[in-house]
Amino acid sequence: MATPVRTEEQGPAPGTTGATTPRPAAGPATTPVAGRPARTPGRLDLAGRIRRIADARHTAPGRLRLAGALLAVLLVAFGLLTGWQVNSRAQAADRVVSYSQPLSQAAADIHRSLADADTTAATGFLLAGAEPRAVRERYEQDLATASRLIAEAAARTTASSPAQQWLSSLNQQLPVYAGLVETARADNRLGFPLGGAYLRYASQQMRDTLLPDAAKLADAENEALARDYAEARAVPWAAFVLGLLALAALVRVQQVLFRRTNRVFNIGLLGSTAAVLTAVLWLLAGSWITGARLAESERDGAAPLRALNAARVDVLTARLAENLHLVARGSSTQYADLWAATTKDLTGVAGGEAAPGTGGALGEARRLAPRDAAEAVDQARKEYSTWTARHSAAITKETVDGDYQGALDSTVTVKEADVPNTSDAAFGATDQQLERAAGIELARFRAAAGGTGGLLDALALGAGVLALVAAVSAVRGLGRRLAEYR
């Protein structure tokens, strides 16, 4: 007779004591070891987890899971690295447009405003009581512009920046210079000869202290601009390399699947490959476009502006030397020497008779100028040649003919209508043409560099999204193969 089978819910069989043999607990042994706390049942230590991962390499599902995890990590890392590298370049491009170049141009404008103030002060001194209101207003406007730009630059510059040192010095010395000029003007109106000495001393302070500090400020800001340009135009090589590695890994996984399953296509992996390829091409095209635009902004805007600003300061220095020579009334030859040296700096030759654009600061400005600004620089060069000829004629009147008043009338005039054949007219025409060229080059810079930061931001976002899509597609594509083993 067959013995009936009983379940655990029916209790022990008749005639037994009810004791049952305990079942061993599932999982690894939990026997405590002396000196160590007992492990929680069912919990794998790190070594056990590593062994399980290593063992999984010997089974097809395990290899698929491992390939999916590695692809996901690689693709996510590609997206994060691309976003980080491109975003840092976007920030640098934004600094070029909204911070570095404006500060560089502001430093150049401070330098030019100070030089123009010194030149205009000498012009007003020569005219004395006949000084036109326009000359006085130009001098005051130069000082106001320099003060405003110094304050704005100081507010936008970090405390650790070397530019702060020069800004602080300029802020302290500018009122001292203005006070000396006012003393010179007051003495001159009263007919005191001491006025000329005060004006020459004020100009010496300008040329020995303020203008060198302004030049150092401009150099510091130009260096900051160059660093931001270099960072904004840097190629994200690490992102490119990681993207190519991701593509190679995707191709390799698909080759292995094809050999083992004889299936040509895996939609998920194909989609992932297409997304990564698109991201790499998007990164390549975006980097090339923004790099080209930044290069254009430097070539046609920032670099020509630096050369042009240097030429404009030299032009103002030449005008100052011309005026102070007349203020000195033959008591010193230093201003004649300054005129000769500045003319050589501007044209490359001592006499200033070189053909337009062949040498000197004006020649450098012409060489770097974009096509639409080159005409203005050429015209400025011609006007400067005319100016040097008129200056030579005025010096001849003073030194050879002894006609100081004739030399003065040939150099400075009271009314605009009286200046067709004077140094005033040639200087004004030269400065006006250089200002026109500067406006063109500044517009070229803004047109080329504007918006590059936004383009790089879009590039970082697009590459990140594509990398995420690629990771999801790869995991889903391998998940379809894993489902076949269940």
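Bear in mind that the values here come from a model prediction, so they are computed numbers and not experimental data. Worth knowing before you read on, the calculation uses all heavy atoms, side chains too, and leaves out hydrogens, waters and symmetry mates.
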Heavy-atom pair of closest approach, residues Thr452 and Ala449: OG1-O, 2.8 Å

For Tyr384, the option from Leu434, Leu346, Asp431 that meets side chain to side chain contact (heavy atoms under 4.5 Å, CB included): Leu346

Other residues, nucleotides, ligands: >12 heavy atoms within 6.0 Å of Gln204 CD: yes

Below 4.5 Å, heavy atoms only, C-beta onward: do Leu71 and Leu478 meet side chain to side chain? yes

Could you give the distance from CG (Asp116) to CG (Leu320), rounded to the nearest 0.5 Å? 10.5 Å

Do the side chain of Arg112 and the main chain of Val313 share a donor and acceptor less than 3.5 angstrom apart? no

Measure the spacing between CG of Leu217 and CD of Gln164 and express it to the nearest 0.5 Å. 9.5 Å

Shortest non-hydrogen pair, Leu211 vs Ala115, comes out as CD2-N, 3.8 Å

Kindly indicate whether the side chain of Arg233, heavy atoms from C-beta on, has any atom under 4.5 Å from the side chain of Arg89. no

Flag yes if more than 12 heavy atoms outside Arg446 fall under 6.0 Å of its CZ atom; otherwise flag no. no

Would you confirm whether Thr119, through its side chain, and Leu316, through its main-chain N or O, come within 3.5 Å as a donor-acceptor pair? yes

Counting the benzene-type ring for Trp, do Trp288 and Trp282 have ring centres under 6.0 Å apart? no

To the closest 0.5 Å, what do you measure between CG (Leu75) and OG (Ser272)? 5.0 Å

4.5 Å side-chain heavy-atom contact, Tyr229 and Ser297: yes

For a 4.5 angstrom cut-off between non-hydrogen side-chain atoms, does Thr82 reach Pro236? no

Test log, rule salt bridge (Lys or Arg N to Asp or Glu O under 4.0 Å), inputs Glu296 and Arg293: CA-CA 5 Å; Glu296 180 185 354; Arg293 288 184 56 178; over 6 Å; no

Does any donor atom in the side chain of Ser113 or Asp142 lie under 3.5 Å from an acceptor atom in the other side chain? no

Quick one: does Phe78's side chain get under 4.5 Å of Val280's, heavy atoms only? yes

With a 6.0 Å cut-off (strictly less than), is the heavy-atom count around CD of Glu375, excluding the residue itself, greater than 12? no

Specify the closest pair of heavy atoms between Asp345 and Asp314, including all atoms of both residues, with the distance to one decimal. CB-OD2, 4.1 Å

Once rounded to the nearest 0.5 Å, what's the spacing between atom CZ of Phe240 and atom CD of Gln85? 9.5 Å

Mind telling me whether Tyr139 and Tyr177 have parallel, tilted or perpendicular rings, with 30° and 60° as the class edges? tilted

Side chains of Ser169 and Gln165: any donor to acceptor distance under 3.5 Å? no

Can you tell whether the side chains of Asp372 and Arg444 come within less than 4.0 Å, N to carboxylate O? yes

Check against side chain to side chain contact (heavy atoms under 4.5 Å, CB included), Gln101 and Arg95: CA-CA 8 Å; Gln101 199 282 331; Arg95 288 197 303 272; over 6 Å; no

Considering all heavy atoms, the nearest Ala426-Thr386 contact: CB-C, 4.5 Å

Tightest non-hydrogen contact, residues Ser98 and Asp94, listed as OG-O, 2.6 Å

Counting only N and O atoms by type, is there a donor-acceptor contact under 3.5 Å from the side chain of Ser161 to the main-chain atoms of Thr157? no

Using 4.0 Å as the upper bound for N to carboxylate O, is an ion pair formed by Arg156 and Glu152? no

Let's go through Leu269 and Ser473 carefully: what are the C-alpha distance in whole Å and the side-chain angles of both, what is the deciding distance for side chain to side chain contact (heavy atoms under 4.5 Å, CB included) to 0.1 Å, and is it a yes or a no? CA-CA 6 Å; Leu269 292 177; Ser473 297; over 6 Å; no

Side chain to side chain, Leu459 and Leu455, heavy atoms closer than 4.5 Å: no

I'd like to know whether Gln205 forms a side chain to side chain contact (heavy atoms under 4.5 Å, CB included) with Leu180, so could you lay out the CA-CA distance, the side-chain angles of the two residues, the decisive distance to 0.1 Å, and finally the verdict. CA-CA 9 Å; Gln205 290 293 102; Leu180 291 171; 4.1 Å; yes

Would you confirm whether Arg381, through its side chain, and Leu362, through its main-chain N or O, come within 3.5 Å as a donor-acceptor pair? no

What is the minimum heavy-atom distance between Val276 and Ala470, and which atoms define it? CG2-CB, 3.5 Å

Would you please say whether a donor-acceptor pair under 3.5 Å links the side chains of Thr273 and Gln254? yes

Looking at CE of Met206 and CG of Leu174, how far apart are the two atoms once the value is rounded to the nearest 0.5 Å? 6.5 Å

Taking only Lys NZ, Arg NE, NH1 and NH2, and the carboxylate oxygens of Asp or Glu, determine whether Glu322 and Arg319 approach each other closer than 4.0 Å. yes

May I have the step-by-step check of side chain to side chain contact (heavy atoms under 4.5 Å, CB included) for Leu225 and Arg306, ending in yes or no? CA-CA 11 Å; Leu225 175 61; Arg306 286 194 295 271; 3.9 Å; yes

Given side chains that start at C-beta, do those of Gln379 and Thr430 come closer than 4.5 Å, heavy atoms only? no

Interatomic spacing from CZ in Arg366 to CG in Leu308 - rounded to 0.5 Å: 12.0 Å

Look at the side chain of Asn87 and the backbone N and O of Gly83, then say whether any donor-acceptor pair between them is shorter than 3.5 Å. no

A side-chain contact here means heavy atoms from C-beta on lying under 4.5 Å apart; do Ser100 and Glu221 qualify? no

Can you tell me if Thr388 uses its side chain to pair, donor with acceptor, with the backbone of Ser385 under 3.5 Å? yes

Is it true that the side chains of Asp118 and Ser203 contain a donor and an acceptor less than 3.5 Å apart? yes

Looking only at side-chain N and O atoms, does Gln433 offer a donor or acceptor that is under 3.5 Å from a partner on Arg436? yes

